[in-house]
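This report concerns only the one structure given below.
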Amino acid sequence: MSGETILKFGTPKALEANGASIANNALAQADDASYGVVADGAYYPHAKFVFSGAFATAPTENTVLGLYARPLNIKSTNDSDAPETTRPTVMIGAFVVNNVTTMQYIELLAEDVPWEADYYIHNYGTGQTLSAGWTLDVTPYTTAPAA
């Protein structure tokens, strides 16, 4: 069928391949790479973020790991301030955690992500420390008419 809407995906990128542990109510940057819609995302405005990580002690059911963006180069080469636990920057969404100690793989779809940004994980009220070794990946996507 022609004319229907299809999804187009870009190349996945690792934002963090081996994150340090994050204490309850603390914030940490996925500091292996930043992500840019133009440079990394083929101009695709949306992104699928995939988090993987584990807790040594089971976190509280249905609590979250918040995903924040710190927009970069928003006026020439000037960046926004880095997020703080009491003052986040741009909230992208939340990874809702399960109360298990096994590895968790959680997907988050976000529309119209910042054009260029660093990304942060906020261990928001899980009651436990997120173990070292967590990862965060991003895959750009958009919609387009089928040929």
Side-chain angles (χ1 to χ4, degrees), residues 1-20 22 25-55 58-85 87-128 130-147:
M1 223 172 142
S2 66
E4 73 269 22
T5 301
I6 61 169
L7 289 176
K8 294 178 72 175
F9 297 93
T11 304
K13 182 176 186 177
L15 301 179
E16 180 59 62
N18 189 19
I22 306 173
N25 293 322
L27 185 77
Q29 183 180 354
D31 61 5
D32 288 354
S34 59
Y35 174 74
V37 169
V38 174
D40 304 308
Y43 293 88
Y44 295 179
H46 313 309
K48 177 176 89 167
F49 293 91
V50 177
F51 167 84
S52 66
F55 295 83
T60 303
E61 180 85 8
N62 292 325
T63 53
V64 300
L65 299 171
L67 178 63
Y68 297 117
R70 176 191 183 199
L72 303 173
N73 300 319
I74 58 176
K75 183 170 183 178
S76 183
T77 58
N78 297 298
D79 304 332
S80 65
D81 290 335
E84 301 168 7
T85 56
R87 189 204 45 78
T89 51
V90 177
M91 177 67 162
I92 300 300
F95 298 105
V96 179
V97 299
N98 194 2
N99 62 342
V100 296
T101 57
T102 55
M103 185 67 76
Q104 298 186 47
Y105 299 91
I106 311 168
E107 178 181 77
L108 170 64
L109 300 178
E111 294 189 356
D112 298 321
V113 297
W115 292 349
E116 187 176 353
D118 287 334
Y119 286 87
Y120 292 75
I121 296 291
H122 184 196
N123 183 354
Y124 188 70
T126 65
Q128 302 300 327
L130 175 64
S131 298
W134 58 271
T135 67
L136 182 64
D137 299 300
V138 61
T139 301
Y141 74 95
T142 192
T143 58

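Positions are given from 1, in the same order as the sequence printed here.
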His46: partners by ring pair (Phe, Tyr, Trp, His ring centres under 6.0 Å), with sequence neighbours left out: Tyr141

With sequence neighbours left out, what residues match Ala20 under side chain to side chain contact (heavy atoms under 4.5 Å, CB included)? none

So which heavy atom on Gln128 is nearest to which on Pro59, and how close? CG-CA, 3.8 Å

Looking only at heavy atoms, the pair that brings Ala33 and Ala14 closest together is CB-O, 3.7 Å

N/O donor to acceptor pairs below 3.5 angstrom from side-chain atoms of residues 92-101, sequence neighbours left out:
none

Does the gap between the ring centers of Phe49 and Tyr119 come in under 6.0 Å? yes

Atom CD in Glu111, atom CG in Leu109: separation rounded to 0.5 Å? 8.5 Å

For Thr60, the side chain to side chain donor-acceptor pair (under 3.5 Å) test, sequence neighbours excluded, returns none

Ala47 to Val138 - nearest heavy-atom pair and separation: CB-CG2, 3.6 Å

How far apart are the C-alpha atoms of Ile121 and Leu27, what are their side-chain angles, what is the distance that settles it, and do they pass the side chain to side chain contact (heavy atoms under 4.5 Å, CB included) test? CA-CA 6 Å; Ile121 296 291; Leu27 185 77; over 6 Å; no

Side-chain donor/acceptor of Thr142 to backbone N/O of Pro45, under 3.5 Å: no

Distance from Thr89 atom OG1 to Asp81 atom CG, nearest 0.5 Å? 9.0 Å

By side chain to side chain contact (heavy atoms under 4.5 Å, CB included), Ser131 pairs with (sequence neighbours left out) Ala56

Quick one, Leu65 with Thr126, criterion side chain to side chain contact (heavy atoms under 4.5 Å, CB included). Give me CA distance, side-chain angles, the key distance, then yes/no. CA-CA 8 Å; Leu65 299 171; Thr126 65; 4.2 Å; yes

Can you name the closest pair of heavy atoms from Tyr35 and Gly41 and give their distance? OH-CA, 3.4 Å

Residues at least two apart in sequence or cross-chain that pass salt bridge (charged side-chain N to carboxylate O under 4.0 Å, His left out) with Glu84, listed by chain then number, are Arg87

Start with the C-alpha distance between Met103 and Ser52, add both sets of side-chain angles, then the distance that settles side chain to side chain contact (heavy atoms under 4.5 Å, CB included), and finish with yes or no. CA-CA 7 Å; Met103 185 67 76; Ser52 66; 4.3 Å; yes

Could you tell me which residues satisfy salt bridge (charged side-chain N to carboxylate O under 4.0 Å, His left out) with Asp118, sequence neighbours excluded, listed by chain and number? none

Apply side chain to side chain contact (heavy atoms under 4.5 Å, CB included) to Tyr124 and Thr63, showing your working. CA-CA 7 Å; Tyr124 188 70; Thr63 53; over 6 Å; no

Indicate yes or no for a side-chain donor-acceptor contact from Arg70 to the backbone of Ser80 under 3.5 Å, with no hydrogens or angles considered. yes

Per-pair distances, 0.1 Å, donor-acceptor, side chain in residues 71-79, under 3.5 Å, sequence neighbours excluded:
from: Asn73; atom 1: ND2; to: Glu116; atom 2: OE1; distance (Å): 2.9
from: Asn73; atom 1: ND2; to: Glu116; atom 2: OE2; distance (Å): 3.3
from: Asn78; atom 1: ND2; to: Lys75; atom 2: O; distance (Å): 2.9
from: Asp79; atom 1: OD1; to: Asn73; atom 2: N; distance (Å): 2.8

Can you tell me how far apart OG1 (Thr143) and CD1 (Ile6) are? Round to the nearest 0.5 Å. 9.5 Å

My understanding is that only residues two or more places apart in sequence, or in another chain, count here; which of them pass side chain to side chain donor-acceptor pair (under 3.5 Å) with Asp40? Lys13

Got a sec, which residues hit side chain to side chain donor-acceptor pair (under 3.5 Å) with Tyr68, two or more places apart in sequence or on another chain? His122

Check side chain to side chain contact (heavy atoms under 4.5 Å, CB included) between Ala30 and all other residues, then give those that pass, not counting sequence neighbours. Leu15, Glu16, Trp134, Leu136

Flag side-chain contact, heavy atom, 4.5 Å: Leu130 against Phe51: yes

When you compare the side chain of Pro12 with that of Asp137, does any pair of heavy atoms fall below 4.5 Å? no

List the residues meeting ring pair (Phe, Tyr, Trp, His ring centres under 6.0 Å) with Phe55, not counting sequence neighbours, and say none if there are none. none

Look at the side chain of Asn25 and the backbone N and O of Gly125, then say whether any donor-acceptor pair between them is shorter than 3.5 Å. yes

